[in-house]
Q: 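Before we start, here is the structure in question, set down as structure tokens.
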Amino acid sequence: MLSVVLLEYTRDPQKLVASAAKLCYSDKKVADLNAGISAESASKFVDMLSEMGHESPMEHVSFTFGIDGISRACMAQITRHRIASFSVQSQRYVKASEFEFVMPPAIEMNEEAKAEFCEAIENARKSYEKLFDILEKAQKEKLLTDGVSEEKAGPMAQKLAIEDARYVLPNACETKLIVTMNARELKHFFLLRCCNRAQWEIRGVAFRMLKLAKQAAPELFKNAGPGCVSGVCKEGRMSCGKAEQMRKIYLHDLDNT
Ligand SMILES: Cc1cc2nc3c(=O)[nH]c(=O)nc-3n(C[C@H](O)[C@H](O)[C@H](O)COP(=O)(O)OP(=O)(O)OC[C@H]3O[C@@H](n4cnc5c(N)ncnc54)[C@H](O)[C@@H]3O)c2cc1C
């Protein structure tokens, strides 16, 4: 089941962003500059930076999220964001016989599709186990023939078998990851992935991340969300046409949604 938590973030993020921006135009020493900024003036400053589009000071603060229970399909999309750091559970080292999986709601709601999906998952699970057994046996024999000790050959063969058996695992397989993004990249991520054009699973993840980030730094993420929240929709003829509704959600109703 999907779980998104904010593990860590830069202490006093808005103050740090304001300090970094003020430094550009100040002759004060860095330490004096930081001490002279109140929480209220930091908020106002951050607001002004957002309006001006002066976003580089936002790169000094970062947010680290723990995400559990997303599909490998979703993980492939998140990791396309290059200005981010990721640690992802390995299918090379962790045996996946009892893997959990994500079932898309449209499949879950359709009896026929659900039956097909469950059968495919079950088949993948069986093939994975079978391949693991075949490969483990073959690898162990080869290692022993090559002179590796019995004690070492067992674990080595298991690892090699896991590594190759995983090729039959489906995109639906659940995984977990830790992701760190700076605030500028996060806003960009929200712009793309909170949009109704984004795929449902990553949209759900981005939505939860935005709620957490906004609780931690309200001014920094004041207008964050899909493009239509802070300006005009840039999706052209692909636009969902729900800009008003999106603004209501992201600017006013986020805590209740
Ligand atoms: C609705 C939707 C549909 C999509 N469909 C597809 C698809 O069919 N096929 C597909 O392959 N991908 C698809 N994507 C993924 C998309 O193409 C991007 O790879 C992904 O959204 C990451 O965006 P990004 O490159 O802007 O962001 P990031 O990697 O997070 O980078 C942030 C920004 O930094 C700058 N930047 C980063 N790296 C470079 C660089 N090397 N050179 C210059 N500037 C850089 C860019 O300004 C970029 O916008 C889709 C995304 C969305 C939201």
Side-chain angles (χ1 to χ4, degrees), residues 2 4-10 13 16-17 20-21 24 46 49-67 69-89 102 104-107 167 170-173 175-214 216-217 220-247 249-251 254 257:
L2 176 64
V4 180
V5 290
L6 179 57
L7 294 173
E8 293 288 349
Y9 60 96
T10 307
L16 181 56
V17 170
C24 304
V46 165
L49 291 174
S50 292
E51 273 175 28
M52 288 161 54
H54 181 189
E55 294 195 315
S56 65
M58 295 177 193
E59 294 169 17
H60 295 291
V61 299
S62 63
F63 295 75
T64 300
F65 299 87
I67 305 173
I70 56 164
S71 68
R72 300 279 300 187
C74 185
M75 184 270 285
Q77 296 177 73
I78 292 189
T79 50
R80 291 295 300 275
H81 291 273
R82 294 158 287 179
I83 322 290
S85 306
F86 298 96
S87 300
V88 181
Q89 185 190 38
V102 175
I107 294 182
Y167 278 74
N171 261 334
C173 258
T175 189
K176 57 188 97 179
L177 58 88
I178 288 181
V179 51
T180 301
M181 293 189 196
N182 69 48
R184 188 183 194 181
E185 171 67 357
L186 256 184
K187 286 177 78 172
H188 174 73
F189 174 76
F190 296 145
L191 194 96
L192 296 179
R193 303 301 187 172
C194 291
C195 174
N196 275 333
R197 286 251 297 124
Q199 186 255 356
W200 63 268
E201 191 180 7
I202 194 168
R203 201 168 67 237
V205 173
F207 186 77
R208 284 168 173 79
M209 287 167 67
L210 172 49
K211 273 177 95 162
L212 293 166
K214 204 164 176 174
L220 214 45
F221 296 102
K222 191 174 167 185
N223 296 322
C228 60
V229 168
S230 53
V232 288
C233 170
K234 293 196 175 135
E235 297 297 324
R237 62 191 175 83
M238 307 297 272
S239 173
C240 69
K242 294 180 180 167
E244 269 311 307
Q245 192 187 329
M246 298 304 270
R247 274 182 215 123
I249 293 172
Y250 283 91
L251 298 177
L254 202 61
T257 313

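Every number for a ligand or one of its atoms is a count from 1 in the order of the listing.
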Q: Does Arg203 reach the main-chain N or O of Ala198 with its side chain, forming a donor-acceptor pair under 3.5 Å?
A: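 Here the side-chain-to-backbone pair exists.
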Q: How about Met238: does its CE atom have over 12 heavy atoms from other parts shown lying under 6.0 Å from it?
A: no
Q: State, to 0.1 Å, how close His60 and Thr10 come at their nearest heavy-atom pair, and which atoms those are.
A: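 Looking at all heavy atoms of both residues, the closest pair is O-OG1, 4.2 Å.
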Q: So, for atom 5 (N) of ligand 1, does the protein have a heavy atom nearer than 4.0 Å?
A: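 For atom 5 (N) of ligand 1 the answer is no, since every protein heavy atom stays at 4.0 Å or beyond.
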Q: Could you check whether atom 40 (C) of ligand 1 has a protein contact, counting only heavy atoms that fall below 4.0 angstrom?
A: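 Under the 4.0 Å cut-off, atom 40 (C) of ligand 1 does have protein heavy-atom neighbours.
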Q: Considering all protein heavy atoms, does one lie under 4.0 Å from atom 8 (O) of ligand 1?
A: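 Given the 4.0 Å cut-off, atom 8 (O) of ligand 1 does not count as touching protein heavy atoms.
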Q: Measure from atom 38 (N) of ligand 1 to every heavy atom in Arg82, Glu185, Arg197, His81 and give the option owning the shortest one.
A: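 Among Arg82, Glu185, Arg197, His81, the closest heavy atom to atom 38 (N) of ligand 1 belongs to Arg82.
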Q: Strictly distance-based, threshold 3.5 Å: is any side-chain N or O of Arg247 a donor or acceptor partner for the main-chain N or O of Cys228?
A: yes
Q: Protein heavy atoms: any of them under 4.0 Å from atom 23 (O) of ligand 1?
A: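 Yes, at least one protein heavy atom sits under 4.0 Å from atom 23 (O) of ligand 1.
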Q: Mark the output for Arg193 as yes if a heavy-atom distance to ligand 1 is under 4.0 Å, and as no if none is.
A: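 Arg193 counts as a contact of ligand 1 under the 4.0 Å cut-off.
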Q: Should we count CD of Gln199 as having more than 12 external heavy atoms under 6.0 Å?
A: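 More than 12 within 6.0 Å, yes.
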Q: Is there a donor-acceptor contact under 3.5 Å from the side chain of Glu201 to the main chain of Ser71?
A: yes
Q: Do any N or O atoms from the side chain of Lys214 and from the backbone of Tyr250 form a donor-acceptor pair under 3.5 angstrom?
A: yes
Q: Mark whether atom 14 (N) of ligand 1 lies under 4.0 angstrom from at least one protein heavy atom.
A: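 It does not; no protein heavy atom is within 4.0 Å.
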Q: Among all protein heavy atoms, pick out the one at the shortest distance from atom 26 (O) of ligand 1; state its residue, atom name and that distance to 0.1 Å.
A: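 Heavy-atom neighbour on the protein nearest atom 26 (O) of ligand 1: His188 NE2, 2.7 Å.
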Q: Would you say atom 53 (C) of ligand 1 touches the protein, meaning some protein heavy atom is under 4.0 Å from it?
A: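 Neighbour list for atom 53 (C) of ligand 1 includes protein heavy atoms (cut-off 4.0 Å).
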Q: With no hydrogens and no angle check, is any side-chain donor or acceptor of Thr64 less than 3.5 Å from a backbone partner on Thr180?
A: no
Q: Could you check whether atom 31 (O) of ligand 1 has a protein contact, counting only heavy atoms that fall below 4.0 angstrom?
A: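 Under the 4.0 Å cut-off, atom 31 (O) of ligand 1 does have protein heavy-atom neighbours.
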Q: Can you find a protein heavy atom closer to atom 49 (O) of ligand 1 than 4.0 Å?
A: yes
Q: Write out the residue and atom name of the closest protein heavy atom to atom 10 (C) of ligand 1, then the distance separating them to 0.1 Å.
A: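 So the nearest neighbour among protein heavy atoms is Arg80 NH1, 3.4 Å.
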Q: Atoms of ligand 1 less than 4.0 Å from Ile83 heavy atoms?
A: 31 (O), 32 (C), 37 (C)
Q: Please work out which of the three classes, parallel, tilted or perpendicular, describes the rings of Tyr9 and Phe63, given edges at 30° and 60°.
A: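 Answer is parallel, since the angle falls under 30°.
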